[in-house]
There are 2 protein chains.
Amino acid sequence: MSAITAARAEKLTIGKLSQLTGVNIETIRYYEKIKVLPVPSRAENGRRVYGPMEGRILAFVRRSRELGFSLDEVRALLRLGGPEKASCREVREIAAHHLDDIRAKIADLRKLERLLTKTVAQCTGTAAPKCPVLEILDIQRSR
Amino acid sequence: MSAITAARAEKLTIGKLSQLTGVNIETIRYYEKIKVLPVPSRAENGRRVYGPMEGRILAFVRRSRELGFSLDEVRALLRLGGPEKASCREVREIAAHHLDDIRAKIADLRKLERLLTKTVAQCTGTAAPKCPVLEILDIQRSR
DNA sequence: CCTTGATCCTGTAGTCGCTACAGGATGTAG
DNA sequence: CTACATCCTGTAGCGACTACAGGATCAAGG
């Protein structure tokens with residue numbers, strides 16, 4: 001029902017495709033160069049022409065990127081989702097691995113957050129003799 | 001009490017400094033190039049010689065980086081922590097801003113985590129007709 | 001028909017925070 | 001004296017883009 005869905009049947013220029021998917025034109029060309037997107041056909045004037053399939057693939061890539069998958073992972077997902085019999089198990093493995101990464105990142109950031117929160121809370125904002133933030137960063141200049 | 005503290009009084013080669021701070025040699029030279037570290041003096045043979053001050057600055061930089069400050073922020077913190085009267089308020093602002101970033105990132109990642117967890121849980125691992133992971137990524141190829 | 005401005009093309013360089021060489025000059029130990 | 005470690009400079013690479021430069025082509029208005 002979205003704009004993306006609306007694009008199903010048409011031949012699109014790169015500009016339209018960009019508008020519909022919200023992916024930057026240069027990024028689309030970049031995806032093509034690094035083989036995340038298939039090479040599109042060209043009009044007689046040399047311009048790229050996209051069909052509905054490309055639109056769906058690009059939407060897939062975009063969504064995957066939003067979920068934090070690397071372009072390498074996206075390539076793998078595309079391969080697995082392709083015509084040669086998707087292996088749900090392999091897809092699941094990629095996603096589960098990615099989930100581990102995300103959880104580790106969250107744990108790291110939360111540790112950080114606690115430390116910084118505590119430290120900033122000690123800041124009076126006035127010119128105290130010792131700034132707690134700088135303190136925690138362990139700087140003690142000789143004067 | 002750490003190795004860093006032990007380095008207080010000595011003249012160090014870049015290699016020793018690297019060992020003491022745990023910062024890669026090339027990274028130290030890189031920090032110098034982009035003016036995060038001051039230009040060190042040189043021995044007669046042209047090699048860099050570091051004193052205790054550089055060691056402390058580098059330790060500060062490292063800790064800041066571990067806490068996720070950008071090198072730009074580190075430069076700002078170093079400036080503020082410098083001899084010209086540290087402004088605790090400004091330091092606090094940088095840290096508080098950084099804390100906001102961290103919290104936003106955590107919130108994002110947790111949303112992601114929930115979505116992916118739910119999705120992966122639906123995976124039986126067997127070759128189901130529709131893979132939930134690929135589903136959520138909204139790919140439905142025309143067979 | 002002509003001009004203007006939008007869109008497209010290729011190719012290259014910049015971003016961030018490093019890391020990894022290449023190719024050379026020294027230093028240190030056996 | 002010969003290895004080998006360490007240092008030097010400079011450049012190129014990573015990931016995932018973004019931002020040009022310098023041109024070709026298209027669509028609309030006068």
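Below, chains carry the letters A, B, ... as their sequence lines are ordered, and counting in each starts from 1.
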[X] versus [Y]: any side-chain heavy-atom pair under 4.5 Å?
X: Arg62(B); Y: Tyr31(B); value: no
X: Thr117(A); Y: Arg103(B); value: yes
X: Tyr50(B); Y: Leu58(B); value: no
X: Tyr30(B); Y: Val36(B); value: no

What's the [atom1]-[atom2] distance between [X] and [N], to the nearest Å?
X: Ile14(A); N: dC9(C); atom1: CD1; atom2: C1'; value: 10 Å
X: Arg62(B); N: dG17(C); atom1: CZ; atom2: C1'; value: 15 Å
X: Glu66(A); N: dC17(D); atom1: CD; atom2: P; value: 11 Å
X: Lys16(A); N: dC8(C); atom1: NZ; atom2: P; value: 8 Å
X: Leu12(A); N: dT7(C); atom1: CG; atom2: C1'; value: 15 Å
X: Leu17(B); N: dC7(D); atom1: CG; atom2: C1'; value: 14 Å

*Which residues pass the side chain to side chain contact (heavy atoms under 4.5 Å, CB included) test with Glu73(A), sequence neighbours left out?*
Phe69(A), Ser70(A), Ile94(A), His98(A)
*asked:* I'd like to check the side chain to side chain contact (heavy atoms under 4.5 Å, CB included) partners of Arg29(A); sequence neighbours left out, ordered by chain and number.
replied: Ile14(A), Ile25(A), Arg48(A)
Choose from [options] the nucleotide whose nearest atom is closest to any side-chain atom of [X].
X: Arg47(A); options: dC7(D), dT7(C), dT9(D); answer: dT7(C)
X: Arg42(A); options: dC9(C), dG17(C), dC7(D); answer: dC9(C)
X: Arg65(A); options: dG17(C), dC9(C), dA16(D); answer: dA16(D)

Phosphate OP1/OP2 of [N] contacted by [X] side-chain N/O (<4.0 Å):
X: Thr13(B); N: dT6(D); result: no
X: Arg48(A); N: dT10(C); result: yes
X: Asn45(B); N: dG27(C); result: yes

*Is a side-chain N or O of Thr21(B) found less than 3.5 angstrom from the main chain of Ala59(B), in a donor-acceptor match?*
no
*Is the number of heavy atoms from other residues, nucleotides or ligands within 6.0 Å of CZ (Arg75(A)) greater than 12?*
yes
*asked:* Quick check on Arg110(B): does its CZ atom have over 12 non-hydrogen neighbours (other residues, nucleotides or ligands) under 6.0 Å away?
replied: no
Which value, rounded to the nearest 0.5 Å, describes the distance between [X] atom [atom1] and [Y] atom [atom2]?
X: Ile102(B); Y: His97(B); atom1: CD1; atom2: NE2; value: 11.5 Å
X: Ile28(A); Y: Glu54(A); atom1: CD1; atom2: CD; value: 10.5 Å
X: Leu67(A); Y: Glu113(B); atom1: CG; atom2: CD; value: 13.0 Å
X: Ile106(A); Y: Leu109(B); atom1: CD1; atom2: CG; value: 5.0 Å
X: Leu115(A); Y: Lys111(A); atom1: CG; atom2: NZ; value: 10.5 Å

*Starting at the 5' end of DNA chain D, what dot-bracket string do you get if Watson-Crick and G-U pairs under 3.5 Å are bracketed, crossing pairs use [ ], other-strand pairs use | and unpaired bases use dots?*
||||||||||||||||||||||||||||||
*Enumerate the residues from residues 99-110 of chain B whose closest heavy atom to DNA chain D is under 4.0 Å, giving them by residue number; use none for an empty result.*
none
*Where along residues 22-41 of chain A does a heavy atom fall under 4.0 Å from DNA chain D?*
Asn24(A), Glu26(A), Thr27(A), Tyr30(A), Tyr31(A)
Under 3.5 Å, N/O pairs linking protein and nucleotides 28-30 of chain C:
none

